[in-house]
Amino acid sequence: METILKVFIYPDGDKPIFHQPHLYGIYASEGWFMKFMEASREFVSRDPEKAHLFYLPYSARQLEVAVYVPNSHNLRPLSIFMRDYANMIAAKYPYWNRTHGRDHFLVACHDWGPYALTMHEELTKNTMKALCNADVSEGIFTAGQDVSLPETTIRSPKRPLRNVGGGIRVSQRPILAFFAGNMHGRVRPTLLKYWHNKDDDMKIYGPLPIGISRKMTYVQHMKSSKYCICPMGYEVNSPRIVEAIYYECVPVIIADNFVLPFNEVLDWSAFSVIVAEKDIPKLKEILLAIPLRRYLTMLANLKTVQKHFLWNPRPLRYDLFHMILHSIWFSRLNHVQIPQS
């Protein structure tokens, strides 16, 4: 990839929706990718005739801020905006129509990322979509073609690696499993129903109570737990998966229909636990059934793959920027049609 791949970035589109990366909060992945992609001398080609891929450099988060009418519950204006943009690109340049968008890609971490594309058939079905909301049950994200984008919470853009690492020794971790968060979606209420205040080994909360957080912060809880529970929210994705990797706590992922990031190269069973939503009542039983030796191997593997999920101040080989771009490149290579001789 490093010696071959060239990407053309369409210069069209006004800020803040285009060319203005959003670098903090839970939707930061799309912004950090945009920042590094647009600054790349290694991968960017100014000549579209030399490009293998074409990047649509918009921010789903900035689109929401600029176009969505608060409390309207109407995503149609966002979809119309993206339809008109794709039509403009197809009319102005020859490259979209050459493949009907199959060598074009976008990167969107907002929950609404998939839904803002639905009024343009080729944008929905043909382009490679790197989405945090990688849900195969809704008919928009296509496994094998689209890319599951890790959702990363960045609290300080100047220090993206703040608090990474530092999980305490396993023998000193007092908590078997930890979760704290808002009650979004269908899974979290079920998790609390079975495990909130039910077992001293299972620290399962809604929002972390102030009295508890004063004694032990959210990050300290994760670093002091053997397993960190990562249930889906409104959508299948959760920033807790990457947080758990950052804080060296084996993630327990509860989100049916979620496509895990980089599963073409990473074996998630080697460093995480996947639990079906129906098995939430058996959660402690499942975790206790994992032998200590296997747990220690999973934890060691997690520390090894951590580098693949980092937004470094400048891109480094095998980091998150390179992993996302590789997944997009891998997808394109797998769908190139070889002409029949």
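Taking the side chain as every heavy atom from C-beta outward, Pro57 and Met37 never approach each other to under 4.5 Å. The closest side-chain heavy-atom distance from Leu288 to Leu176 is below 4.5 Å. In this structure, the side chains of Arg173 and Glu248 come closer than 4.5 Å at one or more pairs of heavy atoms. Here the side chains of Pro150 and Cys132 are not in contact, with every heavy-atom distance at 4.5 Å or above. Side-chain contact between Tyr227 and Ile290 is present, with at least one heavy-atom pair separated by less than 4.5 Å. No side-chain heavy atom of Val107 sits under 4.5 Å from any side-chain heavy atom of Met34. The shortest distance between side-chain heavy atoms of Arg102 and Thr127 does not fall below 4.5 Å.
Between Ser225 and Tyr295, the closest heavy-atom pair is O-OH, 4.5 Å.
The side-chain contact (heavy atoms from CB on, under 4.5 Å) test with Ile140 is passed by exactly one of Asp135, Thr118, Asp146: Thr118. Of the candidates Leu106, Leu53, Val147, Met128 forms a side-chain contact (heavy atoms from CB on, under 4.5 Å) with just one, namely Leu53. When each of Tyr318, Phe271, Phe309 is tested with Phe262 by the rule ring-ring contact (aromatic ring centres under 6.0 Å, His included), just one qualifies, namely Phe309. Applying ring-ring contact (aromatic ring centres under 6.0 Å, His included) to His104 and the options Tyr95, Tyr10, Tyr85, Tyr55 leaves one that passes, Tyr10.
Phe54 has its ring centre no less than 6.0 Å from the ring centre of Phe105.
Counting only distance, with no hydrogens or angles, the side chain of Glu235 and the backbone of Asn133 share no donor-acceptor pair below 3.5 Å. No side-chain donor-acceptor contact under 3.5 Å links His322 to the backbone of His308. A donor-acceptor pair under 3.5 Å links the side-chain atoms of His120 to the main chain of Leu123, judged by distance alone.
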Step-by-step side chain to side chain donor-acceptor pair (under 3.5 Å) determination, Thr152 to Ser29:
CA-CA 6 Å; Thr152 56; Ser29 286; 2.8 Å; yes

Given side chain to side chain donor-acceptor pair (under 3.5 Å), test Asp47 with Ser45 step by step and report yes or no.
CA-CA 5 Å; Asp47 182 357; Ser45 172; 5.6 Å; no

From CA spacing to verdict: side chain to side chain donor-acceptor pair (under 3.5 Å), Ser327, Glu264:
CA-CA 8 Å; Ser327 285; Glu264 72 277 8; 2.5 Å; yes

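Cation-pi contact between Lys198 and Trp195: absent, since separation from the ring centre below 6.0 Å together with deviation from the ring axis within 45° is not met.
Note on Arg240 versus Glu151: no salt bridge recorded, every NZ/NE/NH1/NH2 to OD/OE distance being 4.0 Å or above. Electrostatic pairing of Lys307 and Asp319 does not count as a salt bridge here, judged by no charged N lying under 4.0 Å from a carboxylate O. Residues Lys282 and Glu285 are not paired through a salt bridge, judged by the lack of any N-O separation under 4.0 Å between the basic side chain and the carboxylate. Taking a cutoff of 4.0 Å between a charged side-chain nitrogen and a carboxylate oxygen, Arg186 and Glu277 qualify as a salt bridge.
When only modelled atom types and interatomic distance are considered, Tyr115 and Glu138 share a side-chain donor-acceptor pair under 3.5 Å. Side-chain atoms of Tyr218 and Glu243 form a donor-acceptor pair, as typed in the model, at a separation below 3.5 Å. Tyr68 and Asn74 form no side-chain donor-acceptor contact under 3.5 Å, judged by distance and modelled atom types alone. Tyr58 and Glu30 are not linked by any side-chain donor-acceptor pair at a separation below 3.5 angstrom, with hydrogens and angles left out of the test.
Rounding to the nearest 0.5 angstrom, the gap separating the NZ atom in Lys129 from the CD1 atom in Ile328 is 12.0 Å.
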